[in-house]
Each structure stands twice: as structure tokens, then as C-alpha cells.
Protein chains: 2
Amino acid sequence: MELKSGILRAQLARQTGCNLETIRYYEKVGLLPDPPRSANGYRVYPPDLVQRLQFILHARELGFAMEEIRSLLSLTDTGAQTCAEVMAKTQLHLDDVRRKISDLQRIERTLSTTLAECSGENVPECAILSVLNCS
Amino acid sequence: MELKSGILRAQLARQTGCNLETIRYYEKVGLLPDPPRSANGYRVYPPDLVQRLQFILHARELGFAMEEIRSLLSLTDTGAQTCAEVMAKTQLHLDDVRRKISDLQRIERTLSTTLAECSGENVPECAILSVLNCS
DNA sequence: TCTTGAGCCTGTAGTTGCTACAGACCTTAT
DNA sequence: ATAAGGTCTGTAGCAACTACAGGCTCAAGA
């Protein structure tokens, strides 16, 4: 099969560590463009898509939601993005991450202090059950 | 409508703060039992279901997954639960919570240190974009 | 040449934990 | 008589994927 300077989906997946099906999903939701097709209908990606997909995957690792990633990409797609804009979006995401951390920390404190009150023995009375049953 | 010592779904929702539809959902997935019905087909809950639903809601607030709640309930439903069993399940959940916290903290550190490197000005160069674009 | 196996295509279903309808019934009050 | 509100059922939608099933196509080996 002749591929003038393009790669197939599995190669894109391998080069980025992305799941094969996820690539198709990102295409469906518009994070990746509809790629050109070869004569037999196979997707043929230009090599710079490796970079774009890696951008998406890195953003995902940092917990950005799809909608946030979409909006970051729409900035860079114009080529006229500014650090100020990117910072603003990132700051909002960071606020969200911090909220999640403190929610989880509150849960962590409740669980660990309650666990510390448990006898851990083969008895029906249990501090955790008391907390869950409290009205 | 005659309800011998039972309450309707909306009342159960009001008394627990639970969403109306969520009650039906918990019934469908087996956390709440199929309640008896009045002549017209309305659900009529015995009053102790308030307690059970509150147990579920408290567990959800503490981040327990449905499957974990199901397993806690199946312990208490026998009436022969032990503190040791409940502790073991709770400890597993706590481990999970702590994993999530440290994942989020890693993200938080990356985001905040990268943000600190940003100029925040109206220029295209941006530390965040560099991180997202790195290969 | 035939066949086998791998790779690609599409569409769709499943995941978790809900939430929100649509359309039909029933009850209560005016 | 009718209007407003409650209840019922089933189903669709959310995020963010992941994993099939069923059908082509392609390259390599016997």
C-alpha cells in the first residue's frame, strides 16, 4: 500500500500510546480532524497529527476535560493564541482540581478518623456503620 | 388514598433530600427493595426505608461506589455483620481515595509550577503549551 | 492460485451514577 | 367538568472512552 508521507491509525496509536478506538472517538467529537482516506477507505494521517494527538493526551493526563481541551486547541489552531488566554483557562482548571482535592481530603479525614474508632473485632457494633446510619 | 403506615416516593425523596428519580434508579439496581404498591400502583414505602436510603446517601457522600455500598448493605442485611468486615471494605475504599488524592496532587503540582513559569502576557509563547506539546 | 491471518472499516453497546424527559394514568380541588 | 398536580413506565442523555460484531481489503506463505 502506497502512503505518501502518511501513517495509518494503528501507527498513530503506537506512536502516541493512544488506544486505537480512542482515536476514532476523538475524530467523532471533533478533537481530531477527519483525515484523508486512501483508495480503500483507510485513514491516512499526516505526520503532524502525532503532535496534535499528543497534545490532547497530555492535556488529558493533566485532567483537562474534553471541552477544555477543545477550547485550548481552538486557541492554538488560530495560531494567534496568547499566554494570557491559556493561563486563564488553565487557572480555571487548576481551581477545579484543587476543589476536587479538598473534597477528597474531607472524605479521607472522615474515613480515617472513623476507622480509628473501630474496634476491628468480630462484633456487630461499628463506628463506620454508625456514621452511615446517622440521621 | 389510604396508606397504612407507608409513604410515597415524593415523601421519601423529601425526607432524605434524595432526587425523586434516583430512588427509582436505586430500586432498579437493587440497592432499595421493590416496595409494595397501593391499589393504583403507587410505591408505598415502609418508614424504615428512610433509614436505608440515608445509609446509601451517606455512603455516596463518602465516595463509596455503588458496588461497595451494595456489599456493605448485604453485610448489614444479614444482621450478622462484624466491625472487622466493615473495616476491611472501608480500608480498601480509603486506599482508593488516597490514590485519587495523590493523582490529583501530582496534577496540581504540575499545573501550578507551570503556571508560575508563564508570563501571562499577550504573547504566543507559553509554558503550558510547551508542556502540552512536549514529546 | 488459494488461503490464512492481520489490519482496517462501520455501527453499536457497555461502563458509572445518575437525571430528565414523554406520554399515560390517577387523584383532588374548584 | 376540568384543571392542576402527583404517579407510573420506558427511554435517552451526560463524560470519556472501550470493546465488540460483522464485513472488507491486503500481504505473505504453501
Side-chain angles (χ1 to χ4, degrees), chain A residues 1-3 6-32 34-45 49 53 55-73 93 96-97 100 103-104 107, chain B residues 1-3 6-32 34-45 49 53 55-73 93 96-97 100 103-104 107:
Chain A
M1 231 171 102
E2 293 293 301
L3 302 175
I7 58 177
L8 293 179
R9 188 153 60 108
Q11 291 174 283
L12 181 57
R14 249 195 321 276
Q15 285 184 39
T16 57
C18 185
N19 178 290
L20 188 66
E21 299 291 304
T22 302
I23 294 174
R24 199 156 60 99
Y25 170 71
Y26 286 159
E27 180 182 319
K28 198 174 78 175
V29 300
L31 290 186
L32 293 178
D34 284 14
R37 303 294 181 116
S38 67
N40 57 19
Y42 289 10
R43 288 168 179 81
V44 182
Y45 294 98
L49 265 193
L53 181 49
F55 183 101
I56 295 168
L57 296 175
H58 286 148
R60 194 181 62 165
E61 279 166 27
L62 289 176
F64 282 97
M66 308 275 304
E67 203 42 53
E68 296 170 318
I69 299 176
R70 199 192 313 279
S71 114
L72 285 173
L73 283 171
H93 174 53
D96 192 45
V97 168
K100 281 181 180 146
D103 288 349
L104 284 171
I107 289 173
Chain B
M1 231 171 101
E2 293 293 300
L3 301 176
I7 58 177
L8 293 179
R9 189 152 60 107
Q11 290 175 283
L12 181 58
R14 250 195 320 277
Q15 284 184 39
T16 55
C18 185
N19 178 289
L20 188 66
E21 299 290 304
T22 303
I23 293 174
R24 200 157 58 100
Y25 170 71
Y26 285 159
E27 181 183 318
K28 197 175 78 176
V29 300
L31 291 186
L32 294 178
D34 284 13
R37 304 293 183 118
S38 66
N40 57 18
Y42 290 10
R43 287 166 179 84
V44 181
Y45 294 99
L49 265 196
L53 181 49
F55 183 101
I56 295 169
L57 295 175
H58 287 148
R60 287 294 302 137
E61 279 167 27
L62 289 176
F64 282 98
M66 307 279 299
E67 202 43 53
E68 295 171 319
I69 299 176
R70 201 191 313 279
S71 111
L72 286 173
L73 283 171
H93 173 53
D96 193 46
V97 169
K100 282 182 180 144
D103 287 350
L104 283 171
I107 289 173

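Numbers restart at 1 for each chain; the letters A, B, ... are given by sequence-line order, proteins then strands.
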Contact between [X] and [Y] at the side-chain level, heavy atoms closer than 4.5 Å - yes or no?
{"X": "A:I56", "Y": "A:L32", "value": "yes"}
{"X": "A:I107", "Y": "A:D103", "value": "no"}
{"X": "B:R9", "Y": "B:E21", "value": "yes"}
{"X": "A:L72", "Y": "A:F55", "value": "yes"}

- Near DNA chain D, which residues from residues 17-25 of chain A have a heavy atom under 4.0 Å away?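 Those residues are A:N19, A:E21, A:T22, A:R24, A:Y25.
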When the distance from [atom1] of [X] to [atom2] of [N] is rounded to whole Å, what number comes out?
{"X": "B:K28", "N": "C:dT15", "atom1": "NZ", "atom2": "C1'", "value": "13 Å"}
{"X": "A:L12", "N": "C:dC8", "atom1": "CG", "atom2": "P", "value": "11 Å"}
{"X": "A:L8", "N": "D:dT25", "atom1": "CG", "atom2": "P", "value": "16 Å"}
{"X": "A:E27", "N": "C:dC9", "atom1": "CD", "atom2": "C1'", "value": "11 Å"}

- Query: Closest to the B:Y42 side chain: C:dC26, D:dC17, D:dT9?
  - Reply: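 The listed nucleotide nearest to B:Y42's side chain is C:dC26.
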- Message: The side chain of A:A10 is closest to which nucleotide in this list: C:dT10, D:dC8, C:dC8?
- Response: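 Nearest to the side chain of A:A10 among the choices is C:dC8.
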- Query: Heavy-atom contacts under 4.0 Å between residues 60-70 of chain A and DNA chain C, which residues?
  - Reply: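 Output list: empty, so none.
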Phosphate-side-chain proximity, [X] and [N], N/O vs OP1/OP2 below 4.0 Å:
{"X": "A:R9", "N": "C:dT10", "value": "no"}
{"X": "B:N40", "N": "C:dT27", "value": "yes"}
{"X": "A:R37", "N": "D:dT25", "value": "no"}

- Item | Minimum heavy-atom distance between B:R60 and B:I69, given as atom pair plus value |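 Minimum heavy-atom separation between B:R60 and B:I69: CD-CD1, 3.6 Å.
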- Message: When you measure from the side chain of B:Q11 to the backbone of B:L8, do you find a donor-acceptor pair of N or O atoms at a distance under 3.5 Å?
- Response: yes
- Query: Would you find a donor on one side and an acceptor on the other, under 3.5 Å apart, between the side chain of B:R70 and the backbone of B:V29?
  - Reply: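 Looks like yes, one N/O pair under 3.5 Å.
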- Short N-O contact, B:E27 and B:R24, less than 4.0 angstrom: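 Looking at B:R24 together with B:E27, the answer is no, because their closest N to O distance does not fall below 4.0 Å.
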- Query: With sequence neighbours excluded, what pairs up with A:H93 under the ring pair (Phe, Tyr, Trp, His ring centres under 6.0 Å) test?
  - Reply: A:F64
